[in-house]
Amino acid sequence: FNSAPGHQGTFDPDSPSILEQDAFGTFNPKTLTISLLQNADLSTWLHELGHFQLAVLADMASRPNAPQSVIDDMNTLLDWFKVKDLETWNAMSLEEQRASHEKFARSFEAYLFEGKAPTLDLEPVFARIKTFMMRVYKSVKDILSRAGASPTPEVRAVFDRLLAAE
């Protein structure tokens, strides 16, 4: 998955030129690798981290004996993506998952931009991220317009759980 505003290229994890795509960063779901390119900044890393988190959550939810809370979080996201169930998600190609991945990653950026930490310990980190993001984007609306939708309260709760230890 690429992180470059307006980039509409295709993603091929087997392509030897994956790092030469017109992007600031890439995420390879096969290797769970984030690559930051020459013009990458914190927002690029946070965007790619969103892709990573979604891939890991889907993998964890797919495992036998997955904790119910992980399955519930993935189902919340699948409902938001309008995907029937985890079996359907896992059967989708990367290209078929792309719109949902981008929605998640951009909404994760917007969530961080708001600066509302899920725990007291994370408040200083969220404050620094918000300060940086305000330099990159004019408003959270800029991010959300790229995301295509605002995260629902249920999706925000999933983001909270992804970042806060229980």
Side-chain angles (χ1 to χ4, degrees), residues 1-3 10-14 18 23-36 40 42-130 132-133 140 143-166:
F1 296 96
N2 292 321
S3 117
T10 58
F11 174 75
D12 180 0
D14 297 320
I18 188 170
F24 300 134
T26 62
F27 171 69
N28 185 321
K30 286 188 176 182
T31 62
L32 299 177
T33 304
I34 293 173
S35 298
L36 300 178
L42 179 61
S43 68
T44 307
W45 186 80
L46 295 171
H47 179 93
E48 299 306 330
L49 179 62
H51 289 301
F52 172 85
Q53 289 177 315
L54 179 55
V56 169
L57 186 64
D59 178 66
M60 289 174 59
S62 299
R63 293 176 183 243
N65 302 316
Q68 189 61 47
S69 61
V70 171
I71 294 168
D72 292 345
D73 282 349
M74 190 63 201
N75 285 333
T76 295
L77 297 176
L78 293 172
D79 287 345
W80 188 47
F81 300 150
K82 298 185 180 2
V83 173
K84 180 182 172 186
D85 55 27
L86 188 56
E87 185 177 340
T88 301
W89 176 261
N90 288 335
M92 293 168 67
S93 70
L94 291 173
E95 201 55 43
E96 292 170 322
Q97 291 178 355
R98 178 180 299 281
S100 297
H101 253 280
E102 289 304 323
K103 180 178 181 177
F104 182 90
R106 290 179 178 148
S107 294
F108 182 66
E109 286 181 82
Y111 163 83
L112 294 170
F113 182 93
E114 291 172 349
K116 297 177 186 173
T119 67
L120 288 174
D121 289 341
L122 288 175
E123 283 181 359
V125 174
F126 270 64
R128 285 191 295 269
I129 290 171
K130 182 177 180 176
F132 174 81
M133 296 292 273
V140 72
I143 299 171
L144 291 177
S145 68
R146 291 176 50 214
S150 297
T152 63
E154 296 81 9
V155 171
R156 288 178 195 281
V158 171
F159 290 155
D160 287 346
R161 286 188 291 277
L162 286 171
L163 295 176
E166 294 183 7

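At distances below 3.5 Å, at least one donor-acceptor pair connects side-chain atoms of Glu96 with backbone N or O atoms of Ser93. Looking at Glu48, its side chain does come within 3.5 Å of a backbone N or O of Phe27 through a donor-acceptor pair. Of the possible polar contacts, none joining the Lys103 side chain to the Arg98 backbone as a donor-acceptor pair under 3.5 Å is found.
Interatomic distance, Ile34 CD1 to Leu36 CG, rounded to the nearest 0.5 Å: 7.0 Å. Taking CG of Leu54 as the reference point, atom CZ of Phe108 lies at 11.5 Å (rounded to 0.5 Å). Here Glu109 contributes atom CD and Trp45 contributes atom CH2; the two are 12.0 Å apart, rounded to the nearest 0.5 Å. For the atom pair Leu122 CG and Arg128 CZ, the distance stands at 10.0 Å (nearest 0.5 Å). Residue Leu112 holds its CG atom at 6.5 Å from CG of Leu163, rounded to the nearest 0.5 Å. Atom-to-atom distance recorded for Asn65:CG and Arg63:CZ is 11.5 Å, nearest 0.5 angstrom.
Residues Leu77 and Leu57 approach most closely at CD1-CD2, 3.5 Å, considering heavy atoms. Minimum interatomic distance between Val83 and Trp89 (heavy atoms only, all atoms of both residues): CG1-N, 3.9 Å. Of all the heavy atoms in Pro151 and Trp80, the pair that sits closest is CA-CZ2, 3.7 Å. Minimum heavy-atom separation, Pro29 to Leu94: CG-CD2, 3.5 Å. Nearest approach of Ala40 to Phe24, heavy atoms of both residues: CB-O, 3.2 Å. Taking every heavy atom of both residues into account, Thr88 and Lys84 meet most closely at OG1-CB, 3.8 Å.
Note on Arg156 versus Asp160: no salt bridge recorded, every NZ/NE/NH1/NH2 to OD/OE distance being 4.0 Å or above.
Proximity of His47 to Arg106: side-chain heavy atoms (C-beta onward) are separated by under 4.5 Å at one or more points. Contact check for Met74 versus Ile71: no side-chain heavy atoms found under the 4.5 Å cut-off. With contacts defined as side-chain heavy-atom distances shorter than 4.5 Å, the pair Phe126/Tyr111 qualifies. Residues Leu32 and Asn28 fail the side-chain proximity criterion, which asks for heavy atoms closer than 4.5 Å. Here the side chains of Val70 and Asp73 are not in contact, with every heavy-atom distance at 4.5 Å or above.
The side-chain hydrogen bond (donor to acceptor under 3.5 Å, both in side chains) test applied to Asp79 returns no partner, not counting sequence neighbours.
Other residues, nucleotides and ligands place more than 12 heavy atoms under 6.0 Å from the CD atom of Gln68.
Checked against a 6.0 Å centroid threshold, the rings of Phe104 and Phe159 count as neighbours.
When only modelled atom types and interatomic distance are considered, Ser69 and Asp72 share no side-chain donor-acceptor pair under 3.5 Å. With 3.5 Å as the limit, one finds a donor-acceptor pair spanning the side chains of Ser62 and Asn90.
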